[in-house]
Engineer: 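One structure coming up, written as structure tokens, with questions to follow.
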Amino acid sequence: MYDESINYALSMRRHNTIRANEETLLTDIQFAVGCNVIERNSTKKYSEEFLEALGDNGVIVVTPEQKADKWIFRLPDEEGNYDNY
């Protein structure tokens with residue numbers, strides 16, 4: 001009887017967590033000055049659409065392969081160069 005409601009609540013919780021992670025990363029990208037690499041814990045989750053949009057807009061995304069690895073987001077400098085790592 002409650003299965004649908006519980007599944008919906010859990011689904012919305014996952015969705016809201018992902019959106020919060022994405023908003024936080026976007027804020028950090030917006031205010032990154034003098035820092036062209038942003039790292040995040042591998043436990044963070046992002047939607048495929050979000051990661052694709054980052055890539056389409058010049059952000060290099062390195063996904064964690066193991067639990068000890070981190071998400072790495074490489075930002076271009078003001079001229080669009082990536083030589084500053």
Side-chain angles (χ1 to χ4, degrees):
M1 177 173 167
Y2 295 107
D3 288 349
E4 252 182 67
S5 295
I6 292 169
N7 284 332
Y8 177 76
L10 291 173
S11 173
M12 288 308 299
R13 182 173 181 258
R14 281 188 295 273
H15 172 78
N16 290 335
T17 299
I18 288 171
R19 291 292 298 150
N21 291 341
E22 293 170 355
E23 290 298 323
T24 299
L25 180 60
L26 289 174
T27 299
D28 290 348
I29 289 171
Q30 180 180 358
F31 292 105
V33 177
C35 168
N36 292 0
V37 177
I38 296 174
E39 294 183 358
R40 290 290 177 264
N41 191 304
S42 64
T43 60
K44 297 289 185 187
K45 303 292 183 213
Y46 303 98
S47 68
E48 285 300 317
E49 296 84 6
F50 178 74
L51 296 174
E52 286 176 16
L54 288 175
D56 291 346
N57 287 283
V59 176
I60 297 171
V61 178
V62 180
T63 59
E65 293 184 15
Q66 298 179 16
K67 191 173 186 174
D69 295 340
K70 292 185 178 266
W71 286 94
I72 299 172
F73 302 93
R74 294 184 176 148
L75 311 175
D77 64 15
E78 293 79 15
E79 288 82 36
N81 299 314
Y82 295 90
D83 300 335
N84 45 11
Y85 300 117

Engineer: Let's go through I29 and L54 carefully: what are the C-alpha distance in whole Å and the side-chain angles of both, what is the deciding distance for side chain to side chain contact (heavy atoms under 4.5 Å, CB included) to 0.1 Å, and is it a yes or a no?
Structural biologist: CA-CA 11 Å; I29 289 171; L54 288 175; 4.1 Å; yes
Engineer: Donor-acceptor check, side chain of T24 to backbone of A20, threshold 3.5 angstrom: yes or no?
Structural biologist: yes
Engineer: Taking all atoms of both residues into account, what is the closest heavy-atom pair of A32 and C35, and its distance?
Structural biologist: CB-O, 3.6 Å
Engineer: Checking S42 side chain against K70 main chain: does a donor-acceptor pair fall under 3.5 Å?
Structural biologist: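 Side chain of S42 to backbone of K70, a donor-acceptor pair under 3.5 Å: no, none is there.
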Engineer: Report the distance from atom CD of Q30 to atom CG of L25, rounding to the nearest 0.5 Å.
Structural biologist: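 The CG atom of L25 is 11.5 Å from CD of Q30, to the nearest 0.5 Å.
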Engineer: When you measure from the side chain of W71 to the backbone of K44, do you find a donor-acceptor pair of N or O atoms at a distance under 3.5 Å?
Structural biologist: yes
Engineer: Quick one: salt bridge (charged side-chain N to carboxylate O under 4.0 Å, His left out) partners of E23, sequence neighbours excluded?
Structural biologist: R19
Engineer: Within the side chain of D69, is there an N or O that forms a donor-acceptor pair under 3.5 Å with the backbone of Q66?
Structural biologist: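 Here the side-chain-to-backbone pair exists.
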Engineer: Does I18 share a hydrophobic cluster with L26, counting links as ILVMFWY side-chain heavy atoms below 4.5 Å and allowing steps through other members?
Structural biologist: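 No, I18 does not connect to L26 through the hydrophobic network.
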Engineer: Would the Y46 and F73 ring centres measure less than 6.0 Å apart?
Structural biologist: yes
Engineer: With a 4.5 Å limit on heavy-atom distance, are the side chains of L75 and I38 in contact?
Structural biologist: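 Side chain of L75 against side chain of I38, heavy atoms only: contact under 4.5 Å found.
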Engineer: With no hydrogens and no angle check, is any side-chain donor or acceptor of N36 less than 3.5 Å from a backbone partner on R74?
Structural biologist: no
Engineer: State yes or no: do Y8 and Y2 share one hydrophobic cluster built from I, L, V, M, F, W and Y residues joined by side-chain heavy-atom distances below 4.5 Å, directly or via other members?
Structural biologist: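 No.
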Engineer: With rounding to the nearest 0.5 angstrom, report the NZ to CG distance, K45 to L51.
Structural biologist: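 Spacing of NZ (K45) from CG (L51) equals 11.5 Å.
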Engineer: Do any N or O atoms from the side chain of E22 and from the backbone of S47 form a donor-acceptor pair under 3.5 angstrom?
Structural biologist: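 At least one qualifying donor-acceptor pair exists.
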